[in-house]
Structures are given as structure tokens and as C-alpha cells.
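First the proteins, then the strands, lettered A, B, ... as listed; each starts at 1.
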There are 2 protein chains.
Amino acid sequence: MMTPDALGDSPILEQCREKGLKVTGQRRVIAHVLSEADDHPDVEELYRRAIVIDPKISVATVYRTVRLFEERGILQRRNFGSGRARYEATDHGQHYHLIDANSGRVEEFHDDELDALLQKIAARMGYDLITTRLEIYGRGVKKRT
Amino acid sequence: MMTPDALGDSPILEQCREKGLKVTGQRRVIAHVLSEADDHPDVEELYRRAIVIDPKISVATVYRTVRLFEERGILQRRNFGSGRARYEATDHGQHYHLIDANSGRVEEFHDDELDALLQKIAARMGYDLITTRLEIYGRGVKKRT
DNA sequence: ATAAGTGCAAATGTTTTGCAGCTAC
DNA sequence: GTAGCTGCAAAACATTTGCACTTAT
């Protein structure tokens, strides 16, 4: 095992500190794992990655932490079909998801035109856009030989 | 109580029949409730509405029915944040959701430009678009006096 | 006749919580 | 010192399922 304090301050941990939350060993580990992740892990997966660094963290703490971080706007919860909630860092920036219907693989993408259009639609309907959630389900186009 | 057979064949029941599923009293009721609904009820709510018509339907059957209907493409499952899955008829057509962040109220909308753009994005990324799921969270713009 | 559907209650899977003991501030 | 965290195990939810019985076709 590796002691949590050996980890530097990840971007997410910084936010945790800024929001006045206590910086504990567990949070340092969980924040680290989340900052490293370039996928969309669920709690079980976060837990698995966390206990590699510090085996005495409990799942309950992982649940409590992601919930708290989500309430504080540090994380975003996603729901891609399966029973479990998945998380990703808010500071990864606004983006959308394209999900391969065959493999379940999730690709992130950005699109300025889309940003603008959604903004416009919200305004037209009388709302200030706070956030959006978009998933495109697609099937990979076969290349012809 | 009112006997289920007193209900006519709702559009959803028709689809049920077309797909070769058996037409039972329970399915007639559940299909009816779904066809009537212009909101996005969860299972508990569907159950509540169903037992008004026929009190001997069980929740398990409602769960089994919405699951089956979803697999057969008759219903779509949605996930607006709360713990429970919500359902709406596929034949309501392709549309998007705008959710009032204050009240939680869900408004449906259509937008051709958006349809086209999403289509284009999927293609650019090498996919045939199967379906999309879009939720805009917004805050109602205050009218000035 | 028989494959499919149902009700009930028990099982499952995910997430939350009460409580007593720690710990960052 | 104390408000805030944590671990553990139990509880709370949402959903699924095994089984024996019923029903649509």
C-alpha cells in the first residue's frame, strides 16, 4: 500500500479544498482517481481503483464522496442505461457523448454549432440554459472494401 | 372497478398485438394508461393509475410489461435524475426534453435543425444515428415589469 | 394443448443511513 | 474542542425472479 499523502493535490482535490470541505486521506485518494480517469467509472469501479492506493477505504465513503462532490458541482453524474450511476469531473468541460450501441463504448465530443443551437433553443423557450445532457446512440458504419 | 375489456384498443395495445404479444386484461389497462399519459410516469405512478381501472394488477406485472414493451420498441425509458425510470410511448415521436431546474417540470420540444445537426455529427464521427437522448436543464427567464 | 402471462413473496442490486469512534481544522 | 468524516452493518429503495396457477391463442 501507498500512503494517500504521497499523492500530490489533484485538480479535484483543489476544488474540494476551495469549497471548504475537509481534506482527508480518503478524499485525496478518490479525488486522485477521478482526476486520472478519462472514462466514466461507476462507484464500484472507483472503489476498486481507490483500494489499490489505500485498502482501508470503504464503499460507503466512496458513495458519500461522489454524492457530496456532485452536490458541490465538482462531479457530474451520468446514467448511460445500466443500473449504476457513473461519474466524471466537471472540469473536463462541457461535452457530449456518443455511445456505440454494439460495444457500449462511450466517445466524448465537442461541437460549437451544437452549443450555440442548444443555447438558442433554450432562449426561444424562455429559459436560461444551465446545463445539457446529450447522448447519441449510433452504430459504427461499416467500411466498404 | 371497471372491467378492462370495456376499454377500447389504445394505439399502444395495437402495437402489442402487432408484435405478437398476448393481449391480456392487464396489458390492455397498462397500454391504455400509457397512451393517455402526456407526461413521463414511473412504474409506481403507472401502477397507481392502472389499479384505478383494475385493482387486481400487481406491480410486478407493471414492471414486466414496461420492460417487455421497451425491449419491443413500444416504449422508451428515460432517466431524469431521480432514482426511478420513467416511460413514454415511442409513437409520441422523436423529441427532446427541457427541464425546469426549479420546478422539475418537463417540457417536450421538436427542432428540425437539431435533428439534422445530430445526424451530421454522428456521420462525421463514423456512425449511423440510432437514437438520441437530450435534456436541457434551464432556469425560467424572469419577465421584467 | 401449450406457450405465455400473472400474483405473490422472496431475492437481488444499488445506494443511503444510524451510530460510535476518528480527525482535520 | 468540535464540526465534519469514516467504517461497519443494517436499512431503504427500485427492480427482478422462482414458482405454482391461470389464460390467450
Run the ring pair (Phe, Tyr, Trp, His ring centres under 6.0 Å) test against A/His97 and tell me which residues pass, sequence neighbours left out. A/His40, A/Phe80, A/His95
What is the distance, to the nearest angstrom, from the [atom1] atom on [X] to the [atom2] atom on [N]?
{"X": "A/Leu68", "N": "C/dT16", "atom1": "CG", "atom2": "P", "value": "12 Å"}
{"X": "B/Arg86", "N": "D/dT15", "atom1": "CZ", "atom2": "P", "value": "12 Å"}
{"X": "B/Ile51", "N": "C/dT6", "atom1": "CD1", "atom2": "P", "value": "16 Å"}
{"X": "A/Tyr47", "N": "C/dT15", "atom1": "OH", "atom2": "P", "value": "15 Å"}
{"X": "B/Asn79", "N": "D/dT15", "atom1": "CG", "atom2": "C1'", "value": "13 Å"}
{"X": "B/Leu13", "N": "C/dG5", "atom1": "CG", "atom2": "P", "value": "13 Å"}
{"X": "A/Glu71", "N": "C/dT16", "atom1": "CD", "atom2": "C1'", "value": "12 Å"}
{"X": "A/Arg28", "N": "C/dT23", "atom1": "CZ", "atom2": "P", "value": "15 Å"}

[X] side chain near [N] phosphate (N/O to OP1/OP2, under 4.0 Å):
{"X": "B/Tyr63", "N": "D/dT15", "answer": "yes"}
{"X": "A/Gln26", "N": "D/dG7", "answer": "yes"}
{"X": "A/Arg27", "N": "D/dG4", "answer": "no"}
{"X": "A/Arg67", "N": "C/dT16", "answer": "yes"}

Check B/Val29, B/Ile74, B/Leu46 against B/Leu34 for a side chain to side chain contact (heavy atoms under 4.5 Å, CB included) and give me the one that passes. B/Leu46
Ignoring hydrogens, what is the shortest heavy-atom contact between A/Ile130 and B/Gly138? Give both atom names and the distance. CD1-C, 3.8 Å
A side-chain contact here means heavy atoms from C-beta on lying under 4.5 Å apart; do [X] and [Y] qualify?
{"X": "A/Leu134", "Y": "B/Tyr96", "value": "no"}
{"X": "A/Asp91", "Y": "A/Gln15", "value": "yes"}
{"X": "A/Phe109", "Y": "B/Ile121", "value": "yes"}

Nearest-nucleotide comparison on DNA chain C, the residue closer to the 5′ end among A/Tyr87 and B/Val59: B/Val59
Transitive ILVMFWY side-chain link A/Leu13 to A/Tyr47, under 4.5 Å: no
Using atom names, set out every protein N or O paired with an N or O of nucleotides 8-10 of chain D below 3.5 Å, distance rounded to 0.1 Å.
none

Flag for A/Glu36-A/Ser10: side-chain donor and acceptor within less than 3.5 Å: no
Note: contacts of residues 16-24 of chain A with DNA chain D (heavy atom, under 4.0 Å) are A/Leu21, A/Lys22, A/Thr24
Is it the case that over 12 heavy atoms from other parts of the model lie below 6.0 angstrom from the CZ atom of B/Arg139? no
